[in-house]
Amino acid sequence: MLKSASVNFNPGDKVRVKDGVIDPDFKFDIGGWSGEVIDSFPGDESKRLCLIKWNNETISRMGRNLIRKCEDQDYDYSQMYLEVSEIEFSTNLK
């Protein structure tokens with residue numbers, strides 16, 4: 001079950017990417033990806049960022065081609081910065 005979005009994400013919160021959110025680097029839909037907030041950064045409410053560590057299920061869904069693409073560009077595929085407006089709490093994640 002999903003709770004409504006909030007700007008009060010804290011380290012340890014389980015989150016999911018909202019439907020229709022586009023990866024800022026590779027321009028494809030990452031809606032439904034899920035993980036855990038490992039850091040949050042202050043800013044105005046609409047632009048506040050969270051660093052999300054993807055869970056194993058999300059990393060498996062990425063596929064080897066995307067992981068290789070990330071590695072080729074020195075990106076860490078296991079985590080991503082997203083705006084709080086792009087994520088929501090999730091209570092059904094492990």
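These values consider heavy atoms only, across backbone and side chains, with no hydrogens, waters or symmetry-generated copies.
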* Ion pair present between Lys18 and Glu88, side-chain N to carboxylate O less than 4.0 angstrom? -> no
* To do: Grab the two heavy atoms, one from Arg64 and one from Ile67, that are nearest each other, plus how far apart they are.
  => NH1-CG2, 3.0 Å
* Structure fact -> Between Arg48 and Ser40, the two heavy atoms sitting closest are NH2-OG, 3.1 Å
* To do: Quick one: closest heavy-atom pair of Gln79 and Lys53, and the distance?
  => CB-CA, 4.0 Å
* Asked: What is the minimum heavy-atom distance between Gly32 and Asp19, and which atoms define it?
  -> N-OD1, 4.3 Å
* To do: Calculate, to the nearest 0.5 Å, the distance between atoms OG and CZ belonging to Ser90 and Arg16 respectively.
  => 7.5 Å
* Rounded to the nearest 0.5 Å, what's the gap from CG on Leu66 to CD1 on Ile30? Could you check? => 10.0 Å
* Are the side chains of Asn55 and Ser34 in touch, meaning some heavy atoms are under 4.5 Å apart? -> yes
* Look only at the side chain of Glu86 and the backbone of Glu83, and say whether a donor-acceptor pair between them is shorter than 3.5 Å. => yes
* Structure fact -> Separation between CE (Met80) and SG (Cys50), nearest 0.5 Å, reads 13.5 Å
* Heavy-atom side-chain proximity of Ile87 to Ile52 below 4.5 angstrom -> yes
* Mind checking whether Phe9 and Val15 have side chains closer than 4.5 Å, heavy atoms only? -> yes
* After noting the C-alpha distance and the side-chain angles of Tyr77 and Arg68, does the key distance pass the side-chain contact (heavy atoms from CB on, under 4.5 Å) rule? -> CA-CA 9 Å; Tyr77 65 85; Arg68 199 170 300 127; over 6 Å; no
* Nearest 0.5 Å please: distance from the CG atom of Asn65 over to the SG atom of Cys70. => 11.0 Å
* Is there a side-chain contact between Lys14 and Phe89, using heavy atoms and a 4.5 Å cut-off? -> no
* To do: Check each of Val37, Leu82, Asp39 against Leu51 using the side-chain contact (heavy atoms from CB on, under 4.5 Å) test, and report the only one that passes.
  => Asp39
* Is any side-chain heavy atom of Ile22 closer than 4.5 Å to a side-chain heavy atom of Asp29? -> yes
* Structure fact -> In terms of heavy-atom contacts, Asp25 and Asp23 come closest through N-OD1, 2.7 Å
* To do: Give the ring-plane orientation class for Trp33 versus Trp54, where under 30° counts as parallel, over 60° as perpendicular and anything between as tilted.
  => perpendicular
* Heavy-atom check, side chain of Pro24 versus side chain of Tyr81, under 4.5 Å -> no
* Take atom CG in Asn56; do more than 12 heavy atoms of anything else shown fall under 6.0 Å from it? -> no
